[in-house]
*Asks:* 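Please read through the structure below; I'll follow up with questions.
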Amino acid sequence: MLKKEERKKFNGVISGDHVSLTTNKSLVDEEWFHGVLPREEVVRLLTTDGDFLVRETTRNDECQTVLSVCWSGHKHFIVQTTAEGHYRFEGPAFPTIRDLILYQFNSGLPVTQRSGAVLYKPIPRERWELNNDDVQLLDTIGRGNFGDVYRAQLKNSNEVVAVKTCRLTLPEEHKKKFLQEGRILKQYDHPNIVKLIGICVQKQPIMIVMELVPGGSLLNFLRKKGSGLAEGQLMKMCMDVAAGMRYLESKNCIHRDLAARNCLVGYNNTVKISDFGMSREEEEYTVSDGMKQIPIKWTAPESLHFGKYTSLSDVWSYGILCWEIFSRGATPYSDLSNSKARLKIDEGYRMPAPENTPDEMYRLMLRCWEYKPENRPNFEQIYTVVETLCAAYRFC
Ligand code: ADP
């Protein structure tokens, strides 16, 4: 922890850390103002005692400004408004929230006596945190679980991007889940994983900005254009997904919702894995909050029975995804209900190969559908198999 005398005093600019607290700025222009960034994301940014930032939150339809500080854990102080319309915590009141925060920072006094929390270091926005106004929405290209997906343009670079929006009316809980995808994606860089450009949390609606993958969802693509695709091209799609999944496996990321509907098709029919809304960064993840909205026909038996997810349960879904690719967008177990399909799988039933599926590819699907996860190949092994098959079709 920094000693008080070591703190860089505010007199226009805080030296070091590239964080300016200059005069004549409004609160929203300050680098340490994080808009409506949810609390979960905020605590991730505040790691050392004295780290602080300011954000907004909505409680009972009322917008509140919150000072979040790392101080023996995390403390969140709601800015109080006086009868005169000034702002304060326990000490003096100021005409602007910005003045209040600067006072707390300069004085080195605790925000409240009880907490003892002192402001040492303003934490600036991450490079991912874009301004909502930097993005111009153009037209709707899809509908997600949380809100519409748009084609959009970044005003600074003119880059055309895809933007997922989160409906204002969704409960706070869902808004947090919405940003989960951004949190996961920002760490990854792979040609077969959709790229994150940024998140917009300066104000509502919160948005996730991603690279635009022009062919849209793989499922629609297969249904519309699948009849024109040769086996070698289908194999190449399976290889693209295997490459992306091998990368995720190496990062201990479990996708949990791998399916053709959650992949996108880019230039040269390159497949990119998308929709990381359910993904987790853990070697093993056990669901404890019930099994709502589980994609039963894509989910491995151990996940359905025990809520246990690993990369090897993603392997099961990968087998189903390959089946979707080779059937050119058919629905798995189309003559069975979810619960019937589940029962039959437990009894040993497996889907037959779609027409014209190469034998080796179907053998791989069956290995992915081994009942016990430890008997399935991992993505490293799968990639090697599919790459070899692809080479035979001269599609690598
Ligand atoms: P959610 O995660 O909320 O379910 P999806 O990721 O499934 O949303 O997106 C819904 C649809 O929006 C997709 O099926 C696809 O058509 C379109 N879409 C999503 N992301 C992109 C993108 N990066 N590029 C192009 N289209 C996209």
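Position 1 is the first residue of the sequence; numbering continues from there. All ligand and atom numbering here is 1-based and tracks the order in the structure.
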*Asks:* Counting only N and O atoms by type, is there a donor-acceptor contact under 3.5 Å from the side chain of W323 to the main-chain atoms of P352?
*Replies:*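 Pair found, side chain donor or acceptor close to backbone of P352.
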*Asks:* Nearest protein heavy-atom contact for atom 2 (O) of ligand 1: which residue, which atom, what distance?
*Replies:*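 Looking at atom 2 (O) of ligand 1, the protein heavy atom closest to it is D275 OD1, 2.6 Å.
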*Asks:* Here's one to test your reading of the geometry: is the NZ or CZ of R256 within 45 degrees of the ring axis of W298 and under 6.0 Å from its centre?
*Replies:*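 Checked: cation-pi criterion not met.
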*Asks:* Once the angle between the rings of Y362 and W369 is folded into 0 to 90°, is it parallel (under 30°), tilted (30 to 60°) or perpendicular (over 60°)?
*Replies:*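 Geometry flag for W369 against Y362: perpendicular rings.
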*Asks:* With heavy atoms of S217 as the reference, note each atom of ligand 1 found under 4.0 Å away.
*Replies:*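 With S217 as reference, the close atoms of ligand 1 come out as 14 (O), 16 (O).
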*Asks:* Can you list the ligand 1 atoms lying under 4.0 Å from a non-hydrogen atom of M210?
*Replies:*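 Within the 4.0 Å cut-off of M210, ligand 1 contributes 20 (N), 23 (N).
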*Asks:* Report the part of R143 in contact with ligand 1, treating N, CA, C, O as backbone and CB onward as side chain, heavy atoms under 4.0 Å; options are side chain, backbone, both, neither.
*Replies:*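 Just the backbone.
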*Asks:* Set out, in order, the CA-CA distance, both residues' side-chain angles and the distance that settles salt bridge (charged side-chain N to carboxylate O under 4.0 Å, His left out) for D240 and K236, then state yes or no.
*Replies:* CA-CA 6 Å; D240 286 348; K236 162 73 167 51; 3.0 Å; yes
*Asks:* Please check this pair: side chain of E211 against backbone of A162, looking for a donor-acceptor N/O pair closer than 3.5 Å.
*Replies:*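 It does not hold such a pair.
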*Asks:* Please round to the nearest 0.5 Å and tell me the distance separating atom CE of M245 and atom CG of L321.
*Replies:*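 Reported value, rounded in 0.5 Å steps: 9.5 Å.
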*Asks:* When you measure from atom 27 (C) of ligand 1 to every protein heavy atom, which one gives the shortest distance, and what is it?
*Replies:*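 Of the protein heavy atoms, L264 CD2, 3.8 Å lies nearest.
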*Asks:* Tell me, which protein residue and heavy-atom name are nearest atom 24 (N) of ligand 1, and how many Å apart are they?
*Replies:*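 I find the closest protein heavy atom is V213 N, 2.9 Å.
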*Asks:* Heavy-atom distances under 4.0 Å are what count here, so tell me which part of V149 touches ligand 1: side chain, backbone, both or neither.
*Replies:*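 It is the side chain that touches ligand 1; the backbone stays farther off.
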*Asks:* Which bit of N220 is near ligand 1, meaning a heavy atom under 4.0 Å away: side chain, backbone, both or neither?
*Replies:*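 No part of N220 comes within reach of ligand 1.
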*Asks:* Evaluate the ring planes of F77 and F89, with Trp represented by its six-membered ring, and classify them as parallel (under 30°), tilted (30 to 60°) or perpendicular (over 60°).
*Replies:*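 The arrangement is perpendicular - the two ring planes meet at more than 60°.
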*Asks:* Do the side-chain N and O atoms of T96 and D99 include a donor-acceptor pair separated by under 3.5 angstrom?
*Replies:*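 Present: a donor and an acceptor within the cut-off.
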*Asks:* With heavy atoms of I141 as the reference, note each atom of ligand 1 found under 4.0 Å away.
*Replies:*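 Matching atoms, with element in brackets: 16 (O), 25 (C), 26 (N).
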*Asks:* Among protein heavy atoms, which lies nearest atom 5 (P) of ligand 1, and at what distance?
*Replies:*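 Going atom by atom, the protein heavy atom closest to atom 5 (P) of ligand 1 ends up being K164 NZ, 3.6 Å.
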*Asks:* Pairing donors with acceptors under 3.5 angstrom, does anything connect the side chains of S68 and R55?
*Replies:*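 S68 vs R55: donor-acceptor pair found between side chains.
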*Asks:* Give the numbers and elements of all ligand 1 atoms closer than 4.0 Å to a heavy atom of A162.
*Replies:*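 Those of ligand 1 that fall under 4.0 Å from A162 are 22 (C), 23 (N), 24 (N).
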*Asks:* Return the option from K195, E181, E211 holding the heavy atom at the smallest distance from atom 23 (N) of ligand 1.
*Replies:*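 Nearest option to atom 23 (N) of ligand 1, by heavy atoms: E211.
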*Asks:* Tell me the protein heavy atom at minimum distance from atom 3 (O) of ligand 1, and give that distance in Å.
*Replies:*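 Protein heavy atom with the smallest distance to atom 3 (O) of ligand 1: N145 N, 2.6 Å.
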*Asks:* May I ask whether R151 places a heavy atom under 4.0 Å from ligand 1?
*Replies:*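 No.
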